[in-house]
Amino acid sequence: MANVPDKPSLDGLEARWGDRWEADGIYRYDPLQPRERTFVVDTPPPTVSGAIHVGHVMSYTHTDVVVRYRRMTGKTAFYPIGWDDNGLATERRVQNYYGVRCDPSLPVDPAFDPDAVDSSGGAVRISRPNFVELCERLTAEDEKAFEALFRTLGLSVDWTTLYTTIDERSRRVSQKGFLHLVRRGLAYKADAPTMWDVDFQTAVAQAEIEDREIDGAYHRVRFDGADADGALEIETSRPELIPSCVALVVNPSDERYRALVGSNMVTPLFGVEVPVVAHRLADPEKGTGAAMICTFGDVTDVQWWRELQLPTRVVMQRDGTIAPPRWGESGWPSGDAARANEMQREIAGMPAKKARRRIAELLGASGYLLGEPQQVRHVVKFYERGERPLEIVSTRQWYVKQLEFRPALLERGRQLQWHPPHLRARFESWVEGLNSDWAVSRQRFFGVPFPAWYRLDEEGVEDFEHPILADERSLPVDPSTDAPDGFGEDRRGKPGGFVGDPDVMDTWATSSLSPHIALGWGSDDGLFERLFPMDVRPQAHEIIRTWLYYTVLRAHLEQDSLPWYHATISGWVLDPDRKKMSKSKGNVLTPIGLLEQYGADAVRYWAASPRLGVDTAFKEEQIKIGRRLAIKILNASRFALSLEALDGPITQPLDRSMLARLAEIVAESTQAFESWEHARALDVTERFFWSFTDDYLELVKGRAYGGHGPEAASSAVTALRTALSVLLRLFAPFVPYVTEEVWSWWREGSIHRASWPSASELDTDADPTELEVAASILGEVRKTKALAKRSLKTEVRRAVVHDTAERLAVLDRVRTDLVEAGNVAALETRAADGFSVDVELGD
RNA sequence: GGGCGCGUAGCUCAGUGGGAGAGCGCUUGCUUCACACGCAAGAGGUCGCAGGUUCAAAACCUGCCGCGCCCACCA
């Protein structure tokens, strides 16, 4: 009946079964199934410009295991796949890979050859179309690598659903979502201070900011009173911003300065009169208790500037250098405008760091710097992909409202079922800490453009207050090449004509619509309406504040709903020293070699072992164990399937007992999966499996070969095959290749479309005790042989089992198997309170 | 400063009211007719510390110590 190979092997299973599954459409979504029989996953589209590492393997395996389980319970899976290729991550990779920079002012070079770029003299500037072409070219290559990995790993995604975050569907959905927000007043354009990366020269959002500790220096600086009496000392790490100082601030309760509040002081070097103001956020404990307010040094400055309605005097330019004098001889509200301009010329064009040193010298020379600058390590905000501290500059950006929805979003967080539950706290602390609306426009190139244009008045000045929005039916549009309705392309850039919005969306503005993209929101096949909200969002914990948060926000605003019912959060894979893997540390482990060396099942076994939410140190040993398991499955199956005896009724107590125990395992595994605890499901199955091979198989081996007659043999064989069928299915979500291979030896169809085992297939009337008693006695016999350094074949002349009457009665039912497996000549029993076995070995 | 999590054998981790566990590693054996990519066995732990609750605590409570992360602050 079974077609069992002589030398079963794991080699080549990935390619063989991968092709077969694809050809047979095993993992294809079935749109005819009703929603309740569909399992819908918001698969993370990985950032293809990033390194493939073992963390991907772990988190994607976690999801795949769960999907495979659901599929076997009779559901069809909508398990899409996408690539996140849009955005700054790709641009940065293209810049480094080809040695280029995008310069939108350059015309297209039709003859541009990326392979001929000579960047030895610094990055080569190329046009925007040429740059975007390179982005597309490189991401296409990166996507191939990811697809190869995901296919080898055996992810059961439906490859017909493939999308990328820059493709036409994603652009259409992103633009449609944006237009809805604008029309409902939930997105708006504003000119306001924004966090700004001076190298990438783009706005960034709060979610993309990280703190880093860097070297700095506190400078103690004296401000003289405007009326010649009184002076105020402040401490600042950014003296180069003195020209943009608009006020000094103290705490209203600070007795030391109370008298000065309301008076004016004069900025050193620049001679500008600024008021002393009081505000609760001024901390008397910090520095001198008095601080200067600049436009803008940090977010507190912005808050002071806004709440105290201070003037604006910006000196920091978008490229991170100090602006040249721009207020003219009379423009400075300074007692000595000529000197102020002279001072600014001293630092104009310098990057902040250099200007800081120069200003410190000038302050020192004129006696305003008190003591030496004090070197400190301090924490500064950086764009997560950036290299220099963020500046705050005033720019016109699109924003999505979020501040006013904080209470509603917290409630959404409570409705969502988190696995593990405690990670909801991260979501909550993020929502509670939001300090501004979402700055969603980026001054970049490889992204989804805003479907908006601006009219030019007769002077050619843009009317930002009244954007022309694209018609939803025309999406996606590119306002840099498409003209708005009612305008010909010849009106572009002309007075009385229009210009396109030059910006692109934050990549999260697209990714936050991943359920909408995957389900084809806005297309008329009804898929979105049927399957939204999805069942589960799987992801890693570091992007709770970005991807998870933004997706919840968008679904709340657009659908007044959660985007999914569950969120499963995988931990990180740490390096063996428990350090986070990162490119800069050079400790990133790529899984490709591991997959080649150990096989996909082994790697998946390792990946599925940690629970959700737990960071785990990488251990190659765990992968070897996975391989050992896969090989064991192969060999145990070969044994069970190559026995000659025919199937027959399961009559023997040991056989029934084993199946009864297996029924418990089925129940435990099922319950674990239903509780989203895949690791426990694997653990209970694996634990049983090893005792199955070590104890049960050994106990019935002689009988199965026919040593006690055909009926006893067929009972064993049938029990073995019944158990094998169940075990293979319990293992199938974790090790899909080896289980499919074995299944194919004796069963029709794919195991991955077989039904999840149920206790009703097994003997639930029997008692698992027989197996347990037999195994424990066999263990004692083995121990005696091992301690005597004898072969396990050694005959036992006499074994005396001491145990309770109940257990001795149980023993009696499995006596034959036990005697055979232990090679026991005489097995005697004695009633006793506790369990022990006296073993007398033969010669 | 606020929050979350963790601390169990050399290592990686499971166990959440009643016997201190698994795998790896180590040690010692065993060519046993599914498997030497194997099998069997052994050694190894005051369950971070202190107090409390309980007949009973690794588990529950309180405090402390250590580690990691998140948020906030960051003059």
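Note that the coordinates shown come from a computational prediction; the quantities given were computed from them, not determined experimentally. Throughout, protein chains are lettered first and strands after them, A, B, ... in sequence-line order, and every chain is numbered starting at 1.
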Base, sugar-phosphate, or nothing: which does [X] touch, judged by heavy atoms less than 4.0 Å apart?
X        : answer
A:Ala282 : base
A:Lys785 : nothing
A:Arg627 : base
A:Leu634 : nothing
A:Ser642 : nothing
A:Ala290 : base
A:Leu720 : nothing
A:Tyr218 : sugar-phosphate
A:Trp606 : nothing

Under-4.0 Å side-chain N/O to phosphate OP1/OP2 contact, [X] with [N]:
X        : N     : value
A:Lys632 : B:C39 : yes
A:Arg212 : B:C74 : no
A:Gln206 : B:A72 : yes
A:Arg545 : B:C71 : yes

For [X], enumerate each residue passing the ring pair (Phe, Tyr, Trp, His ring centres under 6.0 Å) test, keeping only those at least two apart in sequence or located in another chain.
X        : value
A:His62  : A:His678
A:Trp606 : A:Phe618
A:Phe382 : none

Could you work out, with side chain to side chain donor-acceptor pair (under 3.5 Å) as the rule, every residue matching [X], not counting sequence neighbours?
X        : answer
A:Glu542 : A:Trp572
A:Glu795 : none
A:Arg790 : none
A:Arg222 : A:Asp224

In this structure, how many angstroms lie between the [atom2] atom of [N] and the [atom1] atom of [X], rounded?
X        : N     : atom1 : atom2 : answer
A:His378 : B:A75 : NE2   : C1'   : 11 Å
A:Trp430 : B:C69 : CH2   : P     : 18 Å
A:Trp418 : B:C70 : CH2   : C1'   : 12 Å
A:Ile777 : B:A40 : CD1   : P     : 18 Å
A:Ile209 : B:C74 : CD1   : P     : 13 Å
A:Glu668 : B:G15 : CD    : P     : 13 Å
A:Asp283 : B:A72 : CG    : P     : 18 Å
A:Lys7   : B:C35 : NZ    : P     : 7 Å

Please measure how far the [atom1] atom in [N] lies from the corresponding atom in [M], and state the result in whole Å.
N     : M     : atom1 : value
B:U62 : B:C13 : C1'   : 28 Å
B:G17 : B:A59 : C1'   : 7 Å
B:G44 : B:A56 : P     : 30 Å
B:G10 : B:C69 : C1'   : 27 Å
B:C35 : B:G68 : C1'   : 42 Å
B:G52 : B:G66 : C1'   : 23 Å
B:C39 : B:A58 : C1'   : 33 Å
B:C70 : B:C55 : P     : 44 Å

Output yes when a side-chain donor or acceptor of [X] lies under 3.5 Å from a complementary backbone atom of [Y], and no otherwise.
X        : Y        : result
A:Asn251 : A:Asp283 : no
A:Thr739 : A:Leu728 : no
A:Ser675 : A:Glu677 : no
A:Trp305 : A:Leu310 : yes

*Examine the base of B:C39 for any acceptor or donor lying under 3.5 Å from a partner atom in the side chain of A:Asp694, and report the outcome as yes or no.*
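Side chain to base: no pair present.
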
*Nucleic acid footprint by protein, nucleotides 3-14 of chain B - heavy-atom cut-off 4.0 Å, B for base, S for sugar-phosphate alone*: -SS-----BSSS

_Residue pairs passing the salt bridge (Lys or Arg N to Asp or Glu O under 4.0 Å) test where at least one lies in residues 594-622 of chain A, sequence neighbours excluded_ = A:Asp64-A:Arg604, A:Glu621-A:Lys624

_Residue pairs fulfilling salt bridge (Lys or Arg N to Asp or Glu O under 4.0 Å) with at least one residue in residues 235-251 of chain A, sequence neighbours excluded_ =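 Counting only pairs at least two positions apart or across chains, the salt bridge (Lys or Arg N to Asp or Glu O under 4.0 Å) contacts touching residues 235-251 of chain A are A:Arg220-A:Glu235, A:Arg238-A:Glu240, A:Arg238-A:Glu391, A:Glu240-A:Arg356.
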
*If you pin A:Lys783 and A:Glu621 to their nearest nucleotides in RNA chain B, which one's is more 5'?*
A:Glu621

*Could you say whether A:Pro284 or A:Glu432 is positioned toward the 5' end of RNA chain B, judged by the nucleotide with the nearest heavy atom to each?*
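On the 5' side of the pair lies A:Glu432.
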
_Under the 3.5 Å Watson-Crick or G-U criterion, the dot-bracket string of RNA chain B, with | for inter-strand pairs_ = ((((((((.[[[[.)..(..]]]].(((((.......))))).....[[[[[..)....]]]]])))))))....

_Side chain of A:Arg782 - closest among B:C73, B:A75, B:A41_ =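 Nearest nucleotide to the side chain: B:A41.
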
*Return the nearest nucleotide to the side chain of A:Arg628; candidates are B:A75, B:C73, B:C39.*
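The closest nucleotide is B:C39.
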
*asked:* Atom CD of residue position A:Glu644 - does it have more than 12 heavy atoms of other residues, nucleotides or ligands inside 6.0 Å?
replied: no

*Should the pair A:Arg782-A:Glu780 be classified as a salt bridge under the 4.0 Å nitrogen-to-oxygen rule?*
no

Table of protein N/O atoms under 3.5 Å from nucleotides 30-32 of chain B N/O atoms:
from  : atom 1 : to       : atom 2 : distance (Å)
B:U32 : OP1    : A:Lys793 : NZ     : 3.2

